[in-house]
Structures are given as C-alpha cells and as structure tokens.
Amino acid sequence: MDSTTTPSSSLLIFLVILAVVSGEARDPFACDPKDGANAGFPFCRKSMGIGERVKDLIGRLTLEEKVRLLVNNAAGVPRLGIKGYEWWSEALHGVSNVGPGTKFSGDFPGATSFPQVITTAASFNSSLWEAIGQVVSDEARAMYNGGAAGLTFWSPNVNIFRDPRWGRGQETPGEDPVLAGKYAARYVRGLQGNAGDRLKVAACCKHFTAYDLDNWNGVDRFHFNAQVSKQEMKDTFDVPFKSCVVEGKVASVMCSYNQVNGVPTCADPNLLRNTLRKQWHLNGYVVSDCDSVGVFYDNQHYTNTPEEAAADAIKAGLDLDCGPFLAIHTQDAIKKGLVSEADVDGSLVNTVTVQMRLGMFDGEPSAQPFGDLGPKDVCSPAHQELAFEAARQGIVLLKNHGPSLPLSTRRHRSIAVIGPNSDANVTMIGNYAGIPCGYTTPLQGIGTYSRTIHQKGCADVACSEDQLFAGAIDAASQADATVLVMGLDQSIEAEAKDRTDLLLPGRQQELVSKVAMASRGPTVLVLMSGGPVDVSFAENDQRIAAIVWAGYPGQAGGAAIADILFGVANPGGKLPMTWYPQEYLSKVPMTTMAMRSIPSKAYPGRTYRFYKGPVVYQFGHGLSYTNFVHTIAQAPTAVAIPLHGHHNTTVSGKAIRVTHAKCNRLSMGLHLDVKNLGNKDGSHTLLVFSKPPAGHWAPHKQLVAFEKVHVAAKTQQRVQINIHVCKYLSVVDRSGIRRIPMGQHSLHIGDTKHLVSLQAAALGVIKS
Ligand SMILES: *[C@@H]1O[C@H](CO)[C@@H](O)[C@H](O)[C@H]1NC(C)=O
Ligand SMILES: *[C@@H]1O[C@H](CO)[C@@H](O)[C@H](O)[C@H]1NC(C)=O
Ligand SMILES: *[C@@H]1O[C@H](CO)[C@@H](O)[C@H](O)[C@H]1NC(C)=O
C-alpha cells in the first residue's frame with residue numbers, strides 16, 4: 001500500500017470502530033473508489049459485461065488465492081483490493097444469526113421474525129410469501145449496508161416433509177411437492193428481487209436432495225443413504241428444487257449430507273452438473289451443507305483420501321464448501337492430478353458471478369440500488385405488521401364444536417390461560433430464527449381482550465410432573481372460558497432431533513383432559529408445533545370445544561392467536577401436511593423413503609398423495625367462522641394436446657411424454673364462484689386436486705393448483721385458476737419419465753367435481 005495515501009493504523013482502527021458504533025455505511029467489498037490503484041481493474045468496470053469481469057478477475061488470481069475462495073469464510077485478496085467475505089448467512093423466516101455472516105448488535109439489535117415456514121405455508125397465500133421475502137431482503141440489505149450481514153442467504157429449506165417425525169419439518173412448506181415448489185419460487189423471488197440479472201440478495205434452496213431425516217433410531221443424516229426410485233425422485237423430491245431453480249431463478253442450491261442411492265449428493269455429478277445445471281439451467285452456485293465434504297470423507301468413508309474427496313466434489317459440480325475442507329485439500333488434489341485448476345476456475349466463475357450480480361464489485365454500497373436502506377428499515381412498523389398478519393393468515397382452526405369460537409369479550413370477561421406454551425416467547429419463532437424486534441406472548445395477546453388468570457399447569461413442554469395441575473384446574477373452574485396453550489418446542493423437534501412419537505409430550509394430555517373436565521366455560525386447545533400432533537383424544541372429547549393449530553407463529557404469535565380466538569381475525573389457514581395417528585408410525589420406518597404404499601409389506605405409503613389410511617386431520621383441513629360454497633362457473637370438458645410433428649408415431653400409448661407435447665402456454669382455465677354465506681368476512685382457499693385416469697404409477701390424487709380469495713360476508717366472487725396442463729396433469733412413470741395420461745382426469749375442489757378429457761390433438765388415431 002502507498003503510505004502517503006493511507007491513514008495511520010490507529011486512525012484506521014478508530015474509523016472502523018466509529019463505523020460499527022454509528023452503523024455507518026460499510027466499506028466496499030472490492031473496487032473501492034477511495035483506493036485509486038485498486039479501483040481501476042477491468043473487473044471493477046460496471047460498463048463491462050459480468051462474464052468478462054469475472055474472467056478478468058479469475059485470470060489475476062494465483063492458485064493459492066483461488067483455493068481460499070472455495071470456502072464460506074473466503075479470504076481477501078489485498079493486492080487486488082478484495083476483502084474477505086463470509087458467505088454463510090441465513091434468512092429462513094427473517095434475518096437470522098444462525099450463520100456467522102450476520103450479527104445483531106448496535107444499530108441492529110434484532111430483525112422482524114416471521115412465523116416459522118410451516119405456519120406461513122398454511123396460509124396458502126403465495127403473494128404473502130413473496131411479500132415476506134421482500135421485507136426480509138429489505139432488512140438484510142439494510143444490515144449489509146451497516147456491516148452487520150452478508151448478501152448470501154442459505155434459505156429457504158424446501159425438502160419435502162416426508163415423515164411426521166422429522167425435526168426440521170417445521171422449516172419446510174409441508175408435504176406436497178407442488179405447494180413446496182410454489183413456496184420456493186415466490187419466497188426466492190421476494191428475497192432476490194425481480195430485476196433480471198441484478199440480485200437484491202442471493203437465496204439458496206436446500207438441501208438437495210432427499211434429505212429429510214436428522215437422527216432416528218440410530219441413523220443420522222451424516223450416514224444415511226436414502227434409497228430413492230427414479231419415479232419418486234422425479235415426482236416428489238425434485239419438484240420443489242426444479243421450481244426453485246426454473247421459476248424462482250434462485251442464485252444457489254445447497255447439496256445435503258446424506259447419500260442418495262449410494263452417492264453423497266455433494267459428490268454426485270448427475271445431481272449437480274446434470275440435473276441442476278444442464279437440465280434446469282441453474283444460474284448460480286452450488287454450496288455444500290456445512291462440512292458435507294468432510295462428512296463424506298470422514299463419516300461415510302466414500303473416498304480413500306481427502307484429496308479424492310475434494311476432487312470428487314469439485315468435479316461433481318460443487319462450487320463452494322461450507323467448511324474448510326476444500327481450502328485445505330484442493331491444492332494437493334491438483335498436484336496429484338485428481339482435478340485441474342480449470343475445474344477450480346469453473347467453480348469460481350459460479351461464485352464470483354453471483355457476487356458481481358449482487359453489486360459487490362461495484363464500489364460504494366451506498367451508491368447502489370438498496371444503498372439507502374438502513375436501521376430505520378429494520379423492525380419498521382410496517383414490517384412488524386406483516387409478521388402479525390402472516391401469523392393470522394397461517395393459524396388453522398381444526399375443530400369448532402357448537403361453534404364455540406370465537407369467544408366474546410362480553411360473555412368471556414375472564415379467561416384461564418393455561419399450559420407450558422401459554423407465555424411462550426422464544427418457542428414462537430422456531431429454529432433458524434434471529435433476535436426478533438419483540439414478542440407478544442399468548443398470555444399478553446389474550447390479556448388485551450379479557451382479564452386473564454394464568455396457570456402454567458406444566459413447568460415446560462416435557463410436562464413430567466403434575467404439581468401445577470391443581471392450580472390450573474382451579475383457574476379453569478373460575479374463569480368464563482379456558483384456553484390451554486400446549487404443544488412442542490425445540491427440545492422435542494429440532495435439527496438433529498427427530499421425534500419418537502406423535503403424542504403430546506409427558507403428561508400434557510392428562511392436564512388438558514383434567515382441565516377440560518373442570519372448566520366452567522368452553523375449553524379451547526391451542527397447539528404450538530411444527531410437526532403434526534395426534535390429538536385424537538381432544539378431537540373426540542366433547543368437553544374440548546375447539547382446537548387451534550398455531551404452528552410456531554413468530555414474534556407476534558400471541559397477538560395473532562388472540563385475534564383468532566376473539567374473532568377479530570377469521571381463520572383461513574389449511575394444514576400443509578397430514579396429521580397421522582400415532583399407530584401410523586409403527587408401519588413406516590423413517591428410513592424407508594418410498595412415498596407409494598407397498599401392500600405386500602403392509603407399508604401404508606406417505607402423505608395424502610399415497611396414504612389412504614385413517615388420519616387425525618387431513619392435508620388441507622382448516623375451518624372458518626363463516627360458510628363458503630363454491631361452484632364451477634366455467635371449465636373445459638376436453639383439452640386437446642398438440643404434439644410436435646416428429647412425434648407423430650408416439651401417440652398410440654395411453655400417456656404422452658411431456659417432451660413430445662407442445663406445452664407452451666397449454667393451460668386450462670377454471671372459473672369458480674365463491675360465495676360467503678355467513679355474516680363474517682373471510683378468506684377461502686380453493687385447493688384443486690386432480691385424479692388422473694386409472695394407472696398404477698399415479699398418486700391417487702395430487703394438488704395441482706390453489707388460490708386464496710377474500711370474500712366479504714354475504715357476497716360472491718368469481719375466481720379464475722389456470723392449470724398448466726403438462727406440468728400439473730402429468731404423472732411420472734416407473735422409469736422417471738413424465739407423461740400426460742390421455743382420457744378422463746377428475747378435478748376435485750372440496751366436494752365439487754369436474755371431469756376433463758385430455759386427447760392428443762390433430763393426428764387423429766389414438767389407440768387406448
Ligand atoms: C421469555 O420467557 C421466559 C419465561 O417466561 C423469560 O424468563 C424470558 O426472560 C423471556 N425472554 C424474553 C426475551 O422476553
Ligand atoms: C402423422 O401420421 C399420419 C398417419 O400415419 C400421416 O398421415 C401424417 O402425415 C403424419 N404427420 C406428420 C407430421 O408426420
Ligand atoms: C394474501 O396476503 C396479502 C399480504 O398480506 C394480503 O394483502 C392478501 O389479502 C392475502 N390474500 C387473501 C386472499 O387473504
């Protein structure tokens with residue numbers, strides 16, 4: 001450095017401290033205009049194309065410098081004016097400090113904490129998902145500008161919630177591939193902005209793929225080899241990732257810890273190079289889960305030497321290692337001829353391109369798009385209001401006998417508020433959270449409507465003792481109504497912790513039943529949980545008037561619960577996963593990936609798509625305080641599928657390959673009239689399921705579209721739903737090929753049914 005233009009080091013330290021304390025703009029990551037010598041490189045020129053700039057930069061790096069850019073805590077290259085960068089930040093449902101790239105302090109003591117994803121998914125409102133993404137990325141950019149966060153966020157988690165025990169099911173949008181795919185695309189769009197190549201922040205869909213077991217019965221995610229058929233890879237596990245990449249245009253995908261069919265996902269060129277890049281055209285980087293490469297070497301013994309592990313990962317298409325492994329072993333791998341420097345360059349092209357698209361080589365952050373975002377934009381009233389609204393939209397009314405809800409401030413002047421989650425705060429934000437702007441607990445929320453008598457009943461969710469039962473029973477016997485806030489928390493379901501059963505933990509069930517027996521007024525059971533809970537006992541107990549599932553409702557959860565209980569908000573959430581009875585578990589080892597039932601082995605199958613046995617509550621269940629009816633106003637009864645000319649000869653089968661059909665804009669429009677017959681405004685979710693013509697490889701039904709509509713009391717609305725025929729009315733055959741079955745498809749929307757016949761167009765003869 002030139003000493004005449006450099007401030008003394010003590011002054012520099014002072015300036016840095018000043019910048020951190022006052023939350024002033026951070027220094028540029030690279031290409032600092034204040035640093036004349038380093039701002040003049042071609043890679044700093046905004047007028048040049050990103051491809052050229054990336055090439056210029058990589059051409060200037062030594063091999064030593066390159067390998068230190070292959071890891072999450074990428075080293076700086078001071079001679080080129082490039083600072084170090086921590087790639088790992090998280091923003092699953094709000095800016096989080098789980099990754100080392102983000103820190104709360106000073107001007108940024110917290111960020112808006114939205115409901116956990118499973119709750120937000122239950123809203124079935126895709127504009128809400130995008131709106132949340134926009135708010136989260138505003139806050140993320142503000143924190144980046146203030147030096148408190150990175151720009152690369154390893155969210156969302158879009159693995160299928162395959163097994164109800166999964167400790168991380170709470171992080172996902174649920175069990176349905178179409179729902180998860182739609183969530184992925186909209187949340188990513190919200191995070192990344194929708195400005196072409198330019199990225200607001202870079203999102204990441206994880207964990208690719210078939211990762212949905214953490215630690216069950218002696219099998220953990222670091223050693224698990226998921227056996228997945230071609231068919232189920234295509235029609236279940238691929239779907240949300242494909243949608244994330246193709247529709248959401250995500251800037252990153254993370255490979256997982258587990259193996260799929262004997263190959264660690266982070267060492268599988270078929271998954272990373274072929275599926276992600278060649279087929280789906282990922283424009284972004286592939287990152288490993290944290291220490292995945294070390295895990296497949298050390299824990300899975302997949303290669304004999306660490307150099308082979310490093311080479312396999314890079315050659316498979318891994319661009320960035322969360323963990324130190326590639327920084328340590330890549331140079332030796334090149335020396336041994338296992339991988340080439342050109343392969344490393346290929347990885348760097350993918351990572352550096354994303355940094356360029358984020359504007360990290362464009363000089364002063366404050367002079368760039370989003371450069372004006374700062375502390376005032378984090379936890380703003382509007383952002384906190386959206387977190388509150390998201391919780392109201394996601395809460396699901398499971399049972400309402402009588403109806404006994406909503407409660408009334410006139411008749412229910414005192415409420416006994418009972419249960420280990422009755423004054424929950426941290427529990428409400430679930431995992432992968434940050435520090436919220438503040439909390440409203442259920443007790444505080446209910447307290448804004450009525451006088452409360454608070455008795456926890458159990459000290460914590462484990463509820464191993466009954467000493468506090470008497471106080472709770474006494475409170476219930478005095479109050480005008482009783483609200484029990486029960487359920488789970490991260491001590492029961494979490495990362496690295498799958499559940500062993502589906503029941504309420506410890507003596508919770510006993511407390512609920514005893515309190516219900518003693519209640520003077522109606523008893524309402526409110527559940528906090530990510531995964532489903534077998535509450536058949538409460539569904540069947542006449543004394544339990546109502547059941548509400550709040551998921552993990554976020555920082556404003558208690559206020560939202562209270563608004564639902566007192567009818568200020570009308571519940572419109574629907575379950576994004578099946579609630580199975582406890583007995584189901586004995587028939588499904590968590591390690592069996594099969595979604596389809598296997599009758600010969602008494603294996604019942606998984607999710608509403610394939611499981612037909614008894615449920616506590618089905619996928620899509622959710623009640624309202626008003627009464628909706630919908631009718632089909634207009635819908636085609638036949639759709640012709642045009643084929644590409646040269647596929648004339650393939651028409652004879654009963655199902656046409658999707659690749660042989662002219663799919664562009666081939667959609668069918670359903671027009672529905674939704675009437676709100678009741679006297680409360682509310683939102684109605686139309687879930688359109690399709691049942692393909694009989695054939696053994698199809699799910700027995702599949703969600704193909706959903707639309708949420710707000711309808712004022714005593715009014716009606718016309719809704720149009722477009723169904724992309726090739727994407728949604730196709731099924732996957734045993735070889736993993738997507739085909740459109742010809743013949744009658746039956747569409748179900750609640751009790752309403754509609755038949756549509758699909759036929760190959762133009763070419764006449766269809767044998768069937
Ligand atoms: C959360 O609740 C617990 C138990 O009531 C309390 O000790 C703790 O201070 C609360 N934390 C916050 C951040 O409000
Ligand atoms: C398709 O097949 C029919 C019947 O064999 C034939 O008449 C027609 O010319 C073919 N069309 C194309 C585009 O190959
Ligand atoms: C979906 O969410 C958005 C954002 O909160 C809201 O404005 C809209 O009313 C919601 N849609 C329905 C039908 O409830």
Side-chain angles (χ1 to χ4, degrees), residues 97 104 109-115 119-136 182-183 186-187 189-190 379 382-396 417-430 433-445 447 452 454-461 468 485 489-491 528 552 554-560 563-564 569-574 622 624-626 628 630 672 674 676 680-687 706-713 715-721:
N97 53 356
F104 292 110
T112 308
S113 199
F114 288 89
T119 308
T120 302
S123 74
F124 279 87
N125 181 348
S126 59
S127 28
L128 173 68
W129 304 333
E130 187 167 340
I132 292 174
Q134 281 165 0
V135 164
V136 172
K182 190 57 102 189
Y183 177 85
R186 294 300 293 265
Y187 186 62
R189 180 135 58 128
C379 290
H383 292 182
Q384 297 199 57
E385 178 59 31
L386 189 65
F388 182 16
E389 173 61 16
R392 278 189 298 235
Q393 289 194 32
I395 291 172
V396 182
V417 182
I418 294 167
N421 283 335
S422 58
D423 58 355
N425 45 36
V426 192
T427 296
M428 293 196 298
I429 61 179
I435 298 176
C437 319
Y439 293 105
T440 308
T441 68
L443 180 64
Q444 289 166 336
T452 56
H454 185 220
Q455 285 287 332
K456 282 187 84 158
C458 312
D460 51 29
V461 295
L468 304 177
V485 192
D489 66 14
Q490 302 298 309
S491 69
M528 279 189 197
Y552 294 123
Q555 64 172 46
D563 275 8
I564 295 282
N570 190 352
K574 305 267 185 196
S624 168
Y625 294 151
T626 190
F628 293 106
H630 54 249
L672 291 121
V674 181
N676 181 344
K680 253 182 180 312
D681 301 352
S683 286
H684 182 53
T685 301
L686 296 159
L687 299 177
F706 56 89
E707 191 68 45
K708 189 166 200 170
V709 54
H710 188 83
V711 190
T715 69
Q716 133 168 8
Q717 286 216 25
R718 172 76 50 99
V719 184
Q720 180 173 353
I721 300 178

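For the numbers below, each heavy atom of this structure counts, side chains included, while hydrogens, waters and symmetry mates do not. Atoms within a ligand are numbered from 1 in the order they appear, just like the ligands themselves.
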| query | Does some non-hydrogen atom of Asp423 fall short of 4.0 Å from ligand 1? | reply | yes
| task | Compare all side-chain heavy atoms of Met528 with those of Asp489 and state whether any distance is below 4.5 angstrom. | result | no
| request: Carefully, step by step, assess His454 and Ser422 under the rule side chain to side chain donor-acceptor pair (under 3.5 Å). | output: CA-CA 8 Å; His454 185 220; Ser422 58; 2.8 Å; yes
| message | So if I count the atoms of ligand 3 from 1 in the order they appear, which ones are less than 4.0 Å from some heavy atom of Val709? | response | 13 (C)
| message | Any atom of ligand 3 sitting under 4.0 Å from a heavy atom of Gln393? | response | yes
| task | Report yes if Ser683 has an N/O atom closer than 3.5 Å to an N/O atom of ligand 3; otherwise report no. | result | yes
| task | For ligand 3, indicate whether the residue Glu389 contacts it via side chain, backbone, both or neither (heavy-atom separation under 4.0 Å). | result | side chain
| task | Around atom 13 (C) of ligand 1, find the nearest protein heavy atom and jot down its residue, atom name and distance. | result | Tyr439 CE1, 3.8 Å
| message | Using side-chain heavy atoms (C-beta onward) and a distance below 4.5 Å, is Pro442 in contact with Met428? | response | yes
| message | With side chain to side chain contact (heavy atoms under 4.5 Å, CB included) as the criterion, how do Leu386 and Leu128 come out once you've worked through the C-alpha distance, each side chain's angles and the decisive distance to 0.1 Å? | response | CA-CA 9 Å; Leu386 189 65; Leu128 173 68; 3.9 Å; yes
| request: Can you establish whether the number of heavy atoms outside Lys574 located under 6.0 Å from its atom NZ is more than 12? | output: yes
| query | Is a side-chain donor-acceptor pair under 3.5 Å present for Asp423 with Thr441? | reply | no
| query | Any protein heavy atom sitting closer than 4.0 Å to atom 1 (C) of ligand 1? | reply | yes
| Per-atom contacts of ligand 3 with His710, taking only distances under 4.0 Å to non-hydrogen atoms | 13 (C)
| query | Where does Ala131 meet ligand 3, judged by heavy-atom distances below 4.0 Å: at the side chain, the backbone, both, or neither? | reply | neither
| remark: atom 8 (C) of ligand 1: closest protein heavy atom, distance to 0.1 Å, is Asn425 ND2, 3.8 Å
| said: Between Glu385 and Arg392, does any side-chain N to carboxylate O distance fall below 4.0 Å? | reply: yes
| said: Can you confirm whether Leu468 sits close enough to Gln455 that some side-chain heavy atom of one is under 4.5 Å from a side-chain heavy atom of the other? | reply: no
| field | Close N or O approach (Asn125, ligand 3; < 3.5 Å) | value | yes
